[in-house]
Amino acid sequence: MTEMQPIDFVNPPINRRQFLNSSAKNAAGVAVGMVGLASAGAVAKAAPNERINVAGIGIRGQGKFVSSSMASLPDVNLATVCDIDENLLPRAAKSIQDAQGKAPQFETDFRKVLDDKSIDAVVIATPDHWHALIAIMACQAGKDVYVEKPVSHNVLEGVRMVEAARKHNRVVQSGIHQRSGSHFQSAVDYVRSGKLGKVRLAKAWTIHTRKPIGHKADAPTPPGVNYDMWLGPAASRPFNPNRFHYNWHWFWDYGTGEMGNWGVHMLDIARWGMGVDLPNHVSASGGKYYFDDDQQTPDTHLVHYRYDDAMITWEHRLWTNHGQEGRSAAAGFYGDNGTLIVDRGGWKVYDQKDAPTSDTSDQARTHHENFIHCIKTRETPTSDIEIGHITSAMCHLGNVAYRVGRDIQFDPATMSCGNDNEANALLGREYRKEWELPVV
């Protein structure tokens with residue numbers, strides 16, 4: 001395996017300060033319109049009535065949902081699905097056939113999908129540790145990309161993904177679909193309007209009950225599963241059912257815990273409303289206080305993100321249903337003239353008379369429609385890869401602070417934790433030689 005060198009963070013190949021300064025402008029423009037991604041003529045535009053050939057890479061759970069949703073759009077042909085587990089094909093194929101009237105082709109090696117010149121775009125819904133490699137290779141192959149959240153498994157991967165999207169002029173939409181919800185947009189508009197007064201604190205949280213996964217022994221790889229391909233860049237280990245379908249979320253080699261699962265959604269709203277990017281100071285505490293099982297990631301986790309004149313906090317508790325502010329997963333903005341709480345069901349302002357409220361709005365389908373629209377027009381998608389990278393990096397920093405067990409200082413300009421070698425090492429990862437992070 002190749003060890004990541006700290007120089008990757010000290011001297012990144014693009015100007016990080018310029019990169020980060022642009023993200024707030026992009027976020028502010030989401031509610032009012034789209035910004036052009038590439039200069040005129042740099043990338044050929046599809047005709048407005050042309051069908052886009054899409055392939056789904058990763059077809060279990062969220063992957064099946066997103067691919068089926070894309071297939072239901074009138075200007076999409078979901079041509080191919082790809083997964084290392086052949087056992088998933090029947091259900092995914094039926095769902096897609098129900099949506100578009102015909103079944104897709106099936107592949108077990110995503111590289112064959114990227115080699116197929118008829119494929120215009122890919123949906124990546126694999127475990128987290130595969131997102132960056134497939135996305136970068138897809139950009140290099142001339143494909144547009146929809147990549148599920150968190151877009152990366154670590155901070156360095158996110159940097160490289162943005163570089164690849166920009167270098168190859170690709171539309172890359174992150175799966176943070178709440179950005180497409182009109183009620184989330186109006187909530188952010190209200191926070192930024194100043195009607196809450198000065199907002200010095202935002203909170204984001206998810207509080208719900210998950211089931212323990214127990215303790216399981218290593219076992220033979222199930223028939224029809226290419227386990228070595230599933231491992232990909234991760235360290236070679238024997239197959240274990242507790243580290244496989246879905247439960248991979250709770251192991252550091254493959255997932256990012258609840259921070260990368262729910263945290264990325266609600267922290268994205270918090271930082272969007274506050275108009276901030278990455279913090280300069282992160283502290284975290286928590287642990288496995290409830291579950292006695294194989295999980296590595298914490299079931300209780302509190303993170304404090306400090307900026308020059310404001311703070312954002314994250315909390316998750318996975319063993320109780322009593323949420324904050326009466327909401328199980330939400331973001332809250334606390335100003336000196338009022339408080340706004342928003343979740344997927346709507347938003348409400350407290351401590352103000354005659355303040356507006358909002359019910360829910362469509363998010364996922366609108367988000368998928370926006371991706372296809374941007375493929376045709378070459379506009380910047382609602383949740384562009386730069387947005388997805390910054391919010392995902394925020395989650396990674398919360399995990400890094402937890403794992404090193406102390407506060408960390410972070411420099412967004414260099415994307416590093418200064419001389420803290422232990423923290424810097426966790427901003428990247430080691431890769432099996434055959435699956436090293438591609439050179440952009």
Side-chain angles (χ1 to χ4, degrees), residues 23 26-27 30 56-67 69-70 121-136 138 144-162 164-165 171-181 184 204-206 208 246 248-252 254-272 277-278 297 301 303 312 314 316 329-331 342-344 363-368 370-371 374 380-399:
S23 63
N26 285 354
V30 165
I57 302 175
I59 57 172
R60 186 182 184 275
Q62 186 69 4
K64 180 168 73 71
F65 166 72
V66 177
S67 291
S69 176
M70 294 280 186
V122 296
V123 172
I124 302 171
T126 61
D128 299 349
H129 72 295
W130 263 115
H131 287 180
L133 278 79
I134 299 176
I136 292 171
D144 295 318
V145 176
Y146 183 105
V147 56
E148 261 302 328
K149 54 77 189 170
V151 300
S152 58
H153 185 257
N154 57 67
V155 174
L156 175 61
E157 288 182 348
V159 172
R160 298 290 182 257
M161 293 170 80
V162 176
V171 171
V172 183
Q173 173 90 296
S174 69
I176 306 176
H177 61 268
Q178 292 175 172
R179 289 263 176 164
S180 289
F184 280 108
W205 62 88
T206 187
H208 54 258
Y246 197 80
W248 56 260
H249 281 93
W250 322 126
F251 295 87
W252 296 121
Y254 326 111
T256 48
E258 197 68 88
M259 287 226 66
N261 196 35
W262 264 104
V264 69
H265 284 302
M266 292 308 169
L267 280 170
D268 183 66
I269 301 303
R271 78 165 191 88
W272 184 17
D277 291 317
L278 291 173
T297 58
H301 197 183
V303 185
I312 295 176
W314 166 256
H316 73 244
V342 59
D343 65 7
R344 290 182 175 176
Q363 296 147 56
R365 184 176 177 87
T366 301
H367 203 57
H368 304 156
N370 175 253
F371 175 56
C374 291
T380 301
T382 303
S383 188
D384 174 61
I385 184 59
E386 185 175 326
I387 291 171
H389 158 55
I390 294 171
T391 300
S392 298
M394 198 171 178
C395 297
H396 299 325
L397 290 174
N399 281 334

In terms of heavy-atom contacts, His367 and Ser174 come closest through NE2-O, 2.8 Å
Do the side chains of Thr256 and Cys395 get nearer than 4.5 Å, heavy atoms only?
-> no
Taking the side chain as every heavy atom from C-beta outward, state whether His177 and Arg344 have any pair of such atoms under 4.5 Å apart.
-> yes
Pairwise distance CD(Glu148) to CD1(Ile57) - rounded to 0.5 angstrom = 13.0 Å
Less than 4.5 Å apart, any side-chain heavy atom of Met161 and any of Val145?
-> no
Contact check, side chains of Trp130 and Ile124, non-hydrogen atoms, under 4.5 Å | no
Interatomic spacing from CD1 in Ile387 to OG in Ser392 - rounded to 0.5 Å = 11.5 Å
Testing Val264, Thr297, Asn399, Leu397 for side-chain contact (heavy atoms from CB on, under 4.5 Å) with Met259, which one passes?
-> Asn399
Parallel, tilted or perpendicular: which fits the ring planes of Tyr254 and Phe251, with parallel below 30° and perpendicular above 60°?
-> tilted
Spell out, as yes or no, whether a donor-acceptor pair under 3.5 Å connects the side chain of Ser69 to the backbone of Phe65.
-> no
From Asp128 CG over to Thr126 OG1, what is the distance, rounded to the nearest 0.5 angstrom?
-> 7.5 Å
Side-chain (His153) to main-chain (Ala132) donor-acceptor, under 3.5 angstrom = no
Distance (rounded to the nearest 0.5 Å) between Arg60 CZ and Tyr246 OH | 9.5 Å
Rounded distance [0.5 Å steps], CD1 in Ile390 versus CG in Asp277 = 4.0 Å
Heavy-atom pair with the smallest gap, counting every atom of Ser152 and Gly158 = CB-N, 3.6 Å
What heavy-atom pair brings Val151 and His131 nearest, and what distance separates the two atoms?
-> O-CB, 3.0 Å
So, for His389 and Val162, which heavy atoms are closest and what is the spacing to 0.1 Å?
-> CB-CG2, 3.8 Å
Heavy-atom side-chain contact between Met70 and Val123 under 4.5 Å | yes
Parallel, tilted or perpendicular: which fits the ring planes of Trp262 and His265, with parallel below 30° and perpendicular above 60°?
-> perpendicular
When you look at Gln363 and Gln178, which way does the side-chain hydrogen bond (donor to acceptor under 3.5 Å, both in side chains) test go after all the steps?
-> CA-CA 6 Å; Gln363 296 147 56; Gln178 292 175 172; 5.7 Å; no
Does the side chain of Thr391 come under 3.5 Å of the side chain of Arg271 through a donor N or O and an acceptor N or O?
-> yes
Tell me, with the steps shown, if Met394 and Trp314 meet side-chain contact (heavy atoms from CB on, under 4.5 Å).
-> CA-CA 10 Å; Met394 198 171 178; Trp314 166 256; over 6 Å; no
Would Val122 and Tyr146 satisfy side-chain contact (heavy atoms from CB on, under 4.5 Å), going step by step from the backbone distance to the final call?
-> CA-CA 6 Å; Val122 296; Tyr146 183 105; over 6 Å; no
Heavy atoms only: give me the nearest Cys374-Pro381 pair and the separation to one decimal.
-> SG-CA, 3.6 Å
Take Trp248 and His129, measure what side-chain contact (heavy atoms from CB on, under 4.5 Å) needs, and give me the verdict at the end.
-> CA-CA 10 Å; Trp248 56 260; His129 72 295; 5.8 Å; no
Rounded distance (nearest 0.5 Å) linking atom NZ of Lys149 with atom OG of Ser383 = 12.5 Å
Who are the side-chain hydrogen bond (donor to acceptor under 3.5 Å, both in side chains) partners of Thr206, not counting sequence neighbours?
-> His208
For Gly398 and Val303, work out which heavy atoms get closest and say how close.
-> CA-CG1, 3.8 Å
Check the pair Asp268 / Arg179 against side-chain contact (heavy atoms from CB on, under 4.5 Å), numbers first and verdict last.
-> CA-CA 9 Å; Asp268 183 66; Arg179 289 263 176 164; 2.7 Å; yes
Examine the side chains of Asn370 and Ser180 and answer whether a donor and an acceptor come within less than 3.5 Å of each other.
-> no
